[in-house]
Amino acid sequence: MKNILSFFIIASIFIISCNSFVQLKTSNTVGDWHHSVSKNMGGYQISQSTELTIIRNGIGDYSYIIEQNTTDAMYGNQTKTDRFRGKMEEGVNSNNEWPFIGNSYGERGAYIKVPDDRWNDYKPSEIIVSFAQARGNSMIFIRK
């Protein structure tokens, strides 16, 4: 009985650790990404288009650039453009989140949700950016 229990404990540890052997390929996310949303609020149409660029500066060294264009019918459909840049954490945390550092996204606790396969053998066609609770809605970015 003791041997069987020991076997299951060792097997469980091995299975759990196998996920850490899957290499993280954050480099597969490098490039330009697009997200857009449009809502009617108070009878006025508000549209927002966001361009996210992920840049690889070196091994484990990534930065990002955001360009966000917002058009609000309440204010005469004048487009407001915000641009900012920051860095990405060196690695993914234990919740499979790759956090943004600096500026609006970093301040709002934004992160890219990393799938279990860690983009190991492919370039994703979409990535999900989520924010800390009550700091923003999740955004699905499509590769440009």
Side-chain angles (χ1 to χ4, degrees), residues 5-144:
L5 183 58
S6 295
F7 170 77
F8 282 117
I9 290 172
I10 291 170
S12 297
I13 291 170
F14 176 75
I15 290 170
I16 290 169
S17 66
C18 279
N19 189 37
S20 66
F21 293 125
V22 177
Q23 186 176 3
L24 178 60
K25 290 287 191 165
T26 49
S27 60
N28 286 345
T29 65
V30 168
D32 297 319
W33 299 88
H34 175 79
H35 172 267
S36 62
V37 63
S38 188
K39 296 179 182 177
N40 190 309
M41 297 182 72
Y44 294 98
Q45 197 67 27
I46 300 173
S47 300
Q48 187 174 67
S49 175
T50 306
E51 303 297 325
L52 165 64
T53 301
I54 299 175
I55 303 160
R56 184 174 190 251
N57 303 307
I59 296 173
D61 182 12
Y62 292 86
S63 58
Y64 70 92
I65 299 171
I66 297 283
E67 181 173 302
Q68 207 163 323
N69 296 304
T70 306
T71 305
D72 190 339
M74 183 173 170
Y75 299 105
N77 286 321
Q78 295 293 327
T79 300
K80 177 185 173 197
T81 301
D82 293 310
R83 289 184 186 93
F84 49 92
R85 59 178 54 227
K87 297 198 54 91
M88 303 296 296
E89 280 286 347
E90 272 190 48
V92 174
N93 65 27
S94 60
N95 294 326
N96 275 0
E97 299 166 350
W98 190 23
F100 290 80
I101 302 171
N103 285 312
S104 176
Y105 277 33
E107 292 167 5
R108 293 167 53 204
Y111 58 89
I112 295 173
K113 186 65 181 161
V114 178
D116 289 337
D117 64 16
R118 302 175 147 218
W119 307 301
N120 189 38
D121 60 353
Y122 67 97
K123 291 188 179 217
S125 58
E126 67 180 33
I127 56 175
I128 299 172
V129 173
S130 296
F131 296 87
Q133 188 173 9
R135 300 296 305 237
N137 296 324
S138 291
M139 304 165 74
I140 298 174
F141 282 84
I142 307 299
R143 189 177 292 277
K144 279 182 75 176

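What you see is a predicted model, and the numbers here were worked out from it, not measured in a lab. No hydrogens, no waters, no symmetry mates; every other heavy atom, side chains included, goes into these values.
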For residues [X] and [Y], determine if any side-chain heavy atom of one lies less than 4.5 Å from a side-chain heavy atom of the other.
X	Y	value
Met139	Ile128	no
Trp33	Ile112	no
Asp32	Leu52	no
Asn96	Pro115	no
Ile54	Ile127	yes

Handout entry: Intermediate values then yes/no, side-chain contact (heavy atoms from CB on, under 4.5 Å), Tyr111 and Val129
Key = CA-CA 6 Å; Tyr111 58 89; Val129 173; over 6 Å; no
For [Y], does its backbone N or O pair with a side-chain atom of [X] as donor and acceptor, under 3.5 Å?
X	Y	value
Asn103	Phe84	no
Lys113	Asn95	yes
Arg143	Pro124	yes

Problem - Residues Asp117, Tyr122; criterion side-chain contact (heavy atoms from CB on, under 4.5 Å); working and verdict - result: CA-CA 10 Å; Asp117 64 16; Tyr122 67 97; 2.9 Å; yes
Let me confirm one number: the [atom1]-[atom2] distance from [X] to [Y], rounded to the nearest 0.5 Å.
X	Y	atom1	atom2	answer
Ile142	Ser125	CD1	OG	6.5 Å
Thr50	Asp82	OG1	CG	9.5 Å
Asp61	Ile55	CG	CD1	10.5 Å
Ser130	Glu97	OG	CD	8.0 Å
Ser104	Arg83	OG	CZ	15.0 Å
Gln48	Lys39	CD	NZ	9.0 Å

Would you say the side chains of [X] and [Y] form a donor-acceptor pair under 3.5 Å?
X	Y	result
Thr71	Asn77	no
Thr81	Asn69	yes
Ser49	Ser36	no

Practice task
Can you see which heavy atom on Ile140 is nearest to which on His35, and at what distance?
Solution key: O-CD2, 3.1 Å
Problem - Over all atoms of both residues, closest heavy-atom pair of Ser38 and Ser47 - result: OG-OG, 2.9 Å
Exercise for the section: Could you check Thr29 against Arg56 for side-chain contact (heavy atoms from CB on, under 4.5 Å), going step by step and ending with a plain yes or no? Expected result: CA-CA 9 Å; Thr29 65; Arg56 184 174 190 251; over 6 Å; no
Problem - Test: Glu51 and Lys144 ion pair at under 4.0 Å - result: yes
Practice task
On the 0 to 90° scale, with breaks at 30° and 60°, tag the Tyr62-Trp98 ring pair as parallel, tilted or perpendicular.
Solution key: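 Taking Trp98 first and then Tyr62, their aromatic rings stand perpendicular (interplane angle over 60°).
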Problem - Check: Tyr105 ring centroid to Phe131 ring centroid under 6.0 Å - result: yes
Problem - Ring centers of Phe100, Tyr64 separated by less than 6.0 Å - result: yes
